[in-house]
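Residue numbers begin at 1 in each chain, while the letters A, B, ... track the order of the sequences.
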Amino acid sequence: MTVSTHNTLPHTGTTEILCYLTLKNKFDELNKLSVWINNDISTLFKISERTVFKVDLILAELIANIISYAYPSQCESEIVIKCHYFQDNIRIDIEDSGIPFNPLITPDVVLPQSLEEADIGGLGIHLIRHYMDEGTYQRKDNKNIFSVRLKI
Amino acid sequence: MAKLEIQESDNGIKQVKVIGRLDILGTGEVETSFTAHTAGKKEKVIVDLSELDFLASIGIRLFLITAKAQAKRGGKIVLLNPKPLVEDTLVTAGINLLIPIYNDLELASDDLNSAVSE
């Protein structure tokens, strides 16, 4: 479900637009995610194709990671994505109640120099870190809350 | 969502066009067919990315698996005409150092014909 609200921030006078989506931790929910980004977010925020692509890539990698690894017992749960639009940047908060995982402290992948030494995995976190401008992680109320900021 | 178009030419080069999105869902849709067409035997393969709109790490992984398989068999794959945002993702992942990327079909074909013996 997508909900959007417009708020004027008292301390700056700038307008914040908030749009959010709730997904179940199932792979077939990812189609809903890409439609939300490429239709709702793109239209509401009027951001460039390049920024839409970055948001799409960061969320595709993060949410796939959460669905794959955050719930070892495969229990059904919800992932909440909140997208905040400000004048010159976007902040995206991703909340899940899976096992604690901070994407910012995993070792970065070493890019291979030859096909023989190329590892097949580990690129997702590398791409997330490359495409975001800033990231923060906190564990609060048994939830992972990962926030990424992108300049627009 | 993703789909493939396969074209075999007289010069022994197979062209595989990937259309749509190679995220986790799109890759799942084409993975078996892509691997069967590109990694099953020694081949000269051009992967046409001109209609690929989105590429995530799982799609990159698919290209790497095929490239490694072809390298072992004496074949080769190259990538052709990625859109700028897709090419940026390939370069960010360092794939351009492992799998050649061309924006010209003739150059891509020349590379395969000179690198792969009959």
Side-chain angles (χ1 to χ4, degrees), chain A residues 23 25-39 41-42 47-69 79 103 106 108-132 150, chain B residues 1-2 20-29 31 34-35 38-39 45 47 49 52-79 82-101 115-116:
Chain A
L23 300 174
N25 56 330
K26 305 283 180 195
F27 284 115
D28 55 12
E29 293 276 281
L30 290 171
N31 194 39
K32 203 185 290 181
L33 175 67
S34 68
V35 169
W36 181 67
I37 295 165
N38 287 281
N39 294 351
I41 294 289
S42 173
I47 49 180
S48 68
E49 185 186 359
R50 182 171 189 80
T51 304
V52 173
F53 189 94
K54 285 183 183 180
V55 171
D56 203 351
L57 189 58
I58 288 169
L59 287 178
E61 298 291 351
L62 274 172
I63 304 303
N65 219 38
I66 291 168
I67 295 171
S68 299
Y69 304 115
I79 303 162
T106 58
D108 203 2
V109 66
V110 178
L111 296 180
Q113 298 301 308
S114 71
L115 267 180
E116 291 71 31
E117 67 181 58
D119 193 352
I120 296 299
L123 283 173
I125 299 289
H126 173 73
L127 293 174
I128 292 166
R129 286 174 174 170
H130 175 83
Y131 282 109
M132 71 185 189
L150 287 87
Chain B
M1 302 295 112
R21 292 172 58 89
L22 284 186
D23 54 8
I24 204 160
L25 294 177
T27 303
E29 286 173 340
E31 189 171 27
F34 184 89
T35 305
T38 60
V45 183
V47 181
L49 302 181
L52 182 67
D53 298 318
F54 181 78
L55 177 64
S57 61
I58 193 157
I60 293 173
R61 178 176 171 271
L62 185 62
F63 297 155
L64 273 178
I65 289 170
T66 290
K68 286 169 84 85
Q70 283 302 338
K72 279 185 187 163
R73 295 176 192 278
K76 187 170 182 176
I77 80 161
V78 299
L79 306 177
K83 293 180 178 181
L85 295 172
V86 169
E87 183 168 10
D88 189 54
T89 305
L90 288 164
V91 171
T92 301
I95 299 306
N96 56 317
L97 304 175
L98 309 176
I99 307 174
I101 302 173
V116 180

Colleague: Indicate the atoms forming the closest heavy-atom contact of B:R21 with A:S34, along with that distance.
Modeller: NH2-CB, 3.3 Å

Colleague: If you define the side chain from C-beta out and look only at heavy atoms, does anything of B:I24 sit under 4.5 Å from A:I63?
Modeller: no

Colleague: If you count every heavy atom of other residues, nucleotides or ligands that lies below 6.0 Å from A:Y69 atom OH, does the total exceed 12?
Modeller: no

Colleague: Using a 4.5 Å cut-off on heavy atoms from C-beta on, say whether the side chain of B:L98 contacts that of A:Q113.
Modeller: no

Colleague: Indicate yes or no: at least one non-hydrogen side-chain atom of B:D23 is less than 4.5 angstrom from one of A:L30.
Modeller: no

Colleague: Check whether B:L25 gets within reach of chain A through its side chain, its backbone, both or neither, counting any heavy atom under 4.5 Å.
Modeller: side chain

Colleague: Taking the side chain as every heavy atom from C-beta outward, state whether B:M1 and A:N31 have any atom pair closer than 4.5 Å.
Modeller: yes

Colleague: Quick check: closest heavy atoms across B:S57 and A:L123, and the distance to 0.1 Å?
Modeller: CB-CB, 3.9 Å

Colleague: Which heavy-atom pair separates A:Y131 from B:T92 by the least distance, and what is that distance?
Modeller: OH-OG1, 3.7 Å

Colleague: Side chains of B:D88 and A:F53: closer than 4.5 Å at any heavy-atom pair?
Modeller: no

Colleague: Looking only at atom types and distance, does a side-chain atom of B:K68 sit under 3.5 Å from a main-chain N or O of A:E117, one as donor and one as acceptor?
Modeller: no

Colleague: What residue, out of A:V109, A:L127, A:L57, A:D56, has the most heavy-atom pairs lying under 4.5 Å from chain B?
Modeller: A:D56

Colleague: Measure A:A60 against the heavy atoms of chain B and call it side chain, backbone, both or neither at under 4.5 Å.
Modeller: side chain

Colleague: Just do the side-chain contact (heavy atoms from CB on, under 4.5 Å) check on A:L115 and B:L64 with the steps written out, would you?
Modeller: CA-CA 8 Å; A:L115 267 180; B:L64 273 178; 4.0 Å; yes

Colleague: At a heavy-atom separation under 4.5 Å, does A:L111 approach chain B through its side chain, its backbone, both, or neither?
Modeller: side chain

Colleague: Counting only non-hydrogen atoms closer than 4.5 Å, does A:N38 touch chain B with its backbone (N, CA, C, O), its side chain (CB onward), both, or neither?
Modeller: side chain

